[in-house]
Amino acid sequence: MPSPIQEIKDSLLEEKKVRLFIKREDLIHPIVSGNKWRKLKYNLSKAKEEGKSTILSFGGAYSNHIHALALAAKGMELKSIGIIRGEETLPLNETLSYARSCGMDLHFISREEYKRKTEKDFIYKLHKKFGDFYLIPEGGYNLEGSKGCEEIIKEIDILFDLVCCPCGTGTTLSGIIASLPEGKKAIGFPVLKGGDFLYKEINNLLPKNGVAQNNNWHLETGYHFGGYAKWNKELLDFTDEFEKKYGIPLDQVYTGKMMYGVFDLIEKDTFAFGTAIVAVHTGGLQGVRGITN
Ligand SMILES: *Cc1c(COP(=O)(O)O)cnc(C)c1O
């Protein structure tokens, strides 16, 4: 079932003659973050095809990806192993206790070790410890992850000019770029500080998707609010106001930052009259209350 698309009506949008639609990926599943389903879909089917019975992946203690993987793997009768950054603190937070309740095997490693998560040696050691498994990189950053996100765009049945989405690893944006119809553009909003590194990450994924590097997209790196999982009162006031006005909840780690950026750019007359924007609400509402600055 395609996720719904919803138009926002606002006096600012009327004044600037811009139309804004929200692709409600947050409604895909009541518990699990929207774009994480998309990124897991082809990974899990590939794991099955390859005859794997265990999936291993990486994430932080509040990871939407780990949370989604635990449930999705359970649903497909696959074992899951989560390699978690940092020491175990008890009691487990909601994200991790949920993952464990789905049967995920949690292993905590130091931040130093965690940095080695893409190194061959390190993965070899994991195989020695855990045996055979299908590996999904942190955040679902691979071709299969990006392929799943192409479906976000393919589902859109209205006329639009521009797609906006928040970026962590850039996997979702890669899928969006790869599936954009001719003449359409995409803007990514990195939620990490120094988001320019994502140009390289995304340009690494695109050719794997069969897409030549192209210039139908760019990043707006000025809306990170201090870095990953950092925010301020201005952002929280914005997300509160947004929910009150339109009845759509935003999280302050991903979707709040993107939407703040979208409204700011509209206010600054960045978009031509008549532009129709689709902002992808990637979900991310689990765990939000538990994160503290
Ligand atoms: C993980 C996540 C993202 C980031 O997606 P990437 O594909 O890693 O860029 C964006 N929004 C939400 C809600 C997420 O949970």
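Since the structure is predicted, the reported quantities are computational estimates derived from the model, not experimental observations. Numbering of ligands and ligand atoms starts at 1, following listing order. Residue numbers run from 1 in the order of the sequence given.
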Worksheet item: With distance as the sole criterion, is a donor-acceptor pair present between the side chains of Y42 and E151 under 3.5 Å?
Response: yes

- Message: Classify the ring geometry of F189 against Y223: parallel below 30°, tilted from 30° to 60°, perpendicular beyond 60°.
- Response: tilted

In terms of heavy-atom contacts, L265 and T270 come closest through O-OG1, 2.7 Å

Applied to residues 258-284, the salt bridge (Lys or Arg N to Asp or Glu O under 4.0 Å) test, sequence neighbours excluded, yields K16-D269, D264-K268

Within the heavy-atom cut-off of under 4.0 Å, ligand 1 is lined by S33, N35, K36, K39, N64, P166, C167, G168, T169, G170, T171, T172, Y254, T282, G283, G284

**OP:** Please test N204 against Y141 for side chain to side chain contact (heavy atoms under 4.5 Å, CB included), starting from the C-alpha separation and ending with a verdict.
**Re:** CA-CA 10 Å; N204 276 340; Y141 175 81; 3.7 Å; yes

Of D26, T282, T172, the one forming a side-chain hydrogen bond (donor to acceptor under 3.5 Å, both in side chains) with N35 is T172

